[in-house]
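Data block below; observations after.
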Amino acid sequence: MESKKVLSEQERLELADRLDKDLDAFINSLEKRRYTEGWPEDRWEEEMAKHPFFTKKSPEPGEKLSPLMEGLAQLKYDPEENTEQELADTYKEDGKFYMQHRKFRLAVMSYTEALRYKVGDASYKATLYNNRSAANYMLHNYRSSLQDAQKAVELKPDYDKARWRAAQCASALDRFELCVELCDTILQRDPANGAAIELRKSCLSRKSEKQRNERKEARQEREKEDQWNRTVTELRKRSVKFEERNALEDERKLKPRLAPLADFPVSCDKDGILHWPAVFCYPEFQTTDFQQQLSEDTTMIQVLEQLFEEPLDCDRKGVYRPNKVNVYYENRILGFAYLIDAKKTIKQILAEKTFVVYQGTLTFYILVKGSEQEQAFVNQTRIPVKIEY
């Protein structure tokens, strides 16, 4: 608490005298006054607490202080009126008050102020560090709490209360070795300490679980890297063409942009077979189907048979059948679309000189043979091949 006005020596003496007289007058009034005039018997403690001598509520930050309260504060915190030990005691008591009222940040500040003073007693300082550790622990500031608890133990080696909090902080920070070490020290002094036994057991269990998870993640990462290397090798071997430059040097460029396919980029299995994310567009209905892992060994006719195993919801005429449709792919660079031989495999289709992969996804267009929609699509994309029905 900072004072607003520095009192002179004369003013300080006058204030002390006035405080004494004020206290005497206040106590005398309690004896003579009946519980009337706004001070009912059932609220005497509430009224009494309003007086600076008996208030238990500290002023809020920025709150204007009465001259009496301001003078008391100055006497309480004035370094010229108090020894360093007295000032440390004052801030220590403030910290205790804030802890009791769950104002943990203010408690940390109070104990920090107390630690500024050069108090020679190591045990006293150990208590301050332990108390600040407790406040930080309640704020979930586990690193700061651990540091303070360890400092308290350093100053007072038999301080098991601080050692126990250090163990709790180490557990919260997943510092398993330190936690076990601290628990072992506690158990050497108190073998029947159930809390330390359980915390030690929990730490060892979580340590084993964490190590298993780390090994699993490392194995998955190696497998992912191996698969990526296999995929790139097979893509280069097949001379697959991509619209994006240096697509095989940046895995992100092969990530599909369409949400249903985003988690299924092209991949190579252990047999060297590529599996592609693919989208099948129906221009007539402006709708699409998706294949998340389309094997390159699959023929287009097999794909169509799978797509039309159940009639399309939008195909009320029932004309979308494997033998009644044509499939196209588009070369965005040239601005042309090309008719696909349905007997070819996906691998053979990708090997065509005009097939270019865009955003890591295979895109195909399906239209009914001889339909107006097909003719419109042909005219729009300037298909440079002869269409056979």
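- A 6.0 Å sphere centred on CD of Glu310 holds no more than 12 heavy atoms belonging to other residues, nucleotides or ligands.
- Side chain of Asn229 to main chain of Glu225: a donor-acceptor pair is present (N/O by atom type, distance under 3.5 Å, no hydrogens or angles).
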### Query
Should Arg238 and Leu350 be marked as a side chain to side chain contact (heavy atoms under 4.5 Å, CB included) after you check the CA-CA gap, both sets of side-chain angles, and the distance that decides it?
CA-CA 9 Å; Arg238 290 160 177 70; Leu350 266 69; over 6 Å; no
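- Salt bridge absent: Lys343 and Asp341 never bring a charged side-chain N and a carboxylate O closer than 4.0 Å.
- Aromatic ring orientation, Tyr282 versus Phe285: tilted (interplanar angle from 30° to 60°).
- Distance check: Lys241 NZ to Glu352 CD gives 9.0 Å after rounding to the nearest 0.5 Å.
- Contact of the Val240 side chain with the Leu248 side chain is not registered, since no non-hydrogen atoms from C-beta on lie closer than 4.5 Å.
- Checking side-chain atoms of Asp121 against main-chain N and O of Ser123 turns up a donor-acceptor pair under 3.5 Å.
- Two residues are said to be in side-chain contact when any heavy atoms from C-beta on lie closer than 4.5 Å; Thr363 and Glu330 fail this criterion.
- Between Arg212 and Glu209 no salt bridge is recorded (no basic side-chain N to carboxylate O distance below 4.0 Å).
- When atom types are taken as modelled, the side chain of Ser205 and the backbone of Lys201 share no donor-acceptor pair closer than 3.5 angstrom.
- Two residues are said to be in side-chain contact when any heavy atoms from C-beta on lie closer than 4.5 Å; Pro265 and Pro256 meet this criterion.
- Atoms NZ and CG, on Lys96 and Asp89 in that order, are 12.0 Å from each other to the nearest 0.5 Å.
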### Derivation of the side chain to side chain donor-acceptor pair (under 3.5 Å) call for Glu284 and Tyr320
CA-CA 11 Å; Glu284 180 179 354; Tyr320 279 79; 2.6 Å; yes
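- Residue Arg143 places its CZ atom among 12 or fewer non-hydrogen atoms of other residues, nucleotides or ligands, all under 6.0 Å distant.
- Side chains of Ser371 and Glu374: a donor-acceptor N/O pair is absent below 3.5 angstrom, by distance only.
- For Gln286, the CD atom sits in a loose shell: 12 or fewer heavy atoms of surrounding residues, nucleotides or ligands are nearer than 6.0 Å.
- Side-chain N/O atoms of Gln188 and Asp184 include no donor and acceptor closer than 3.5 Å.
- Looking at heavy atoms from C-beta onward, Leu261 lies in side-chain contact with Gln292 at the 4.5 angstrom threshold.
- The structure places CD of Gln359 at 11.0 Å from CG of Leu254, a figure rounded to the nearest 0.5 Å.
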### Task
Could you walk me through whether Arg163 and Asp160 pass salt bridge (charged side-chain N to carboxylate O under 4.0 Å, His left out), step by step?
CA-CA 5 Å; Arg163 184 175 284 106; Asp160 283 343; 2.7 Å; yes
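- A donor-acceptor contact closer than 3.5 angstrom is absent between the side chains of Asn213 and Glu217.
- Side-chain atoms of Lys151 and Lys125, non-hydrogen and from C-beta on, never get closer than 4.5 Å to each other.
- Rounding to the nearest 0.5 Å gives a distance of 5.0 Å between CG of Leu178 and CZ of Arg175.
- Here the side chains of Trp164 and Gln168 are in contact, with some heavy-atom distance below 4.5 Å.
- One N or O on the side chain of Arg206 and one on the backbone of Ser171 form a donor-acceptor pair closer than 3.5 Å.
- Ser110 places a side-chain N or O within 3.5 Å of a backbone atom of Leu106 that can act as its donor or acceptor partner.
- No side-chain heavy atom of Lys156 sits under 4.5 Å from any side-chain heavy atom of Tyr129.
- For Ala196 against Ile186, the heavy-atom pair with the smallest separation is CB-CG2, 4.1 Å.
- The line from CD1 of Ile349 to OG1 of Thr354 is 11.0 Å long, rounded to the nearest 0.5 Å.
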### side chain to side chain contact (heavy atoms under 4.5 Å, CB included) between Arg105 and Leu139, intermediate numbers included
CA-CA 8 Å; Arg105 286 185 175 82; Leu139 293 169; 3.7 Å; yes
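- Between Tyr117 and Tyr91, the ring planes are parallel. Angles under 30° get that label, and only those over 60° would be called perpendicular.
- Between Gln150 and Cys169 the shortest side-chain heavy-atom distance does not fall below 4.5 Å.
- Judged by distance alone, with hydrogens and angles left aside, the side-chain atoms of Lys253 form a donor-acceptor pair with the main-chain N or O of Arg245 at under 3.5 Å.
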### Message
For a side chain to side chain contact (heavy atoms under 4.5 Å, CB included) check, start with the C-alpha distance between Val325 and Phe308, then their side-chain angles and the critical distance, and finish with the verdict.
### Response
CA-CA 11 Å; Val325 298; Phe308 303 139; 4.0 Å; yes
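- Note: Phe280 and Phe364 have parallel aromatic rings, judged against thresholds of 30 and 60 degrees for the angle between ring planes.
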### Task
Apply salt bridge (charged side-chain N to carboxylate O under 4.0 Å, His left out) to the pair Lys255 and Glu251, showing each step before the final yes or no.
CA-CA 7 Å; Lys255 182 179 177 63; Glu251 189 174 357; over 6 Å; no
#### Entry: From CA spacing to verdict: side chain to side chain donor-acceptor pair (under 3.5 Å), Ser145, Ser133
CA-CA 4 Å; Ser145 181; Ser133 173; 2.9 Å; yes
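- Counting non-hydrogen atoms of other residues, nucleotides and ligands closer than 6.0 Å to CD of Glu305 gives a total above 12.
- Under a cut-off of 6.0 angstrom, the local environment of CD in Glu372 is sparse, with at most 12 non-hydrogen atoms contributed by other residues, nucleotides or ligands.
- Atom OG1 of Thr90 sits about 10.0 Å away from atom CD of Gln85, to the nearest 0.5 Å.
- Judged purely by atom type and a 3.5 angstrom limit, Asn331 uses its side chain to pair as donor or acceptor with the backbone of Leu334.
- With respect to Lys224 and Glu221, no salt bridge is recorded, no charged nitrogen being found less than 4.0 Å from a carboxylate O.
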### Message
Quick one, Gln227 with Arg230, criterion side chain to side chain contact (heavy atoms under 4.5 Å, CB included). Give me CA distance, side-chain angles, the key distance, then yes/no.
### Response
CA-CA 5 Å; Gln227 185 183 66; Arg230 287 199 309 271; 3.7 Å; yes
### Task
For the pair Glu84 and Arg116, evaluate salt bridge (charged side-chain N to carboxylate O under 4.0 Å, His left out) and give the outcome as yes or no after the intermediate values.
CA-CA 9 Å; Glu84 291 203 352; Arg116 288 176 52 204; over 6 Å; no
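- Ring-centre distance between Tyr137 and Tyr142: below the 6.0 Å cut-off.
- Ring-centre distance between Phe290 and Phe264: not below the 6.0 Å cut-off.
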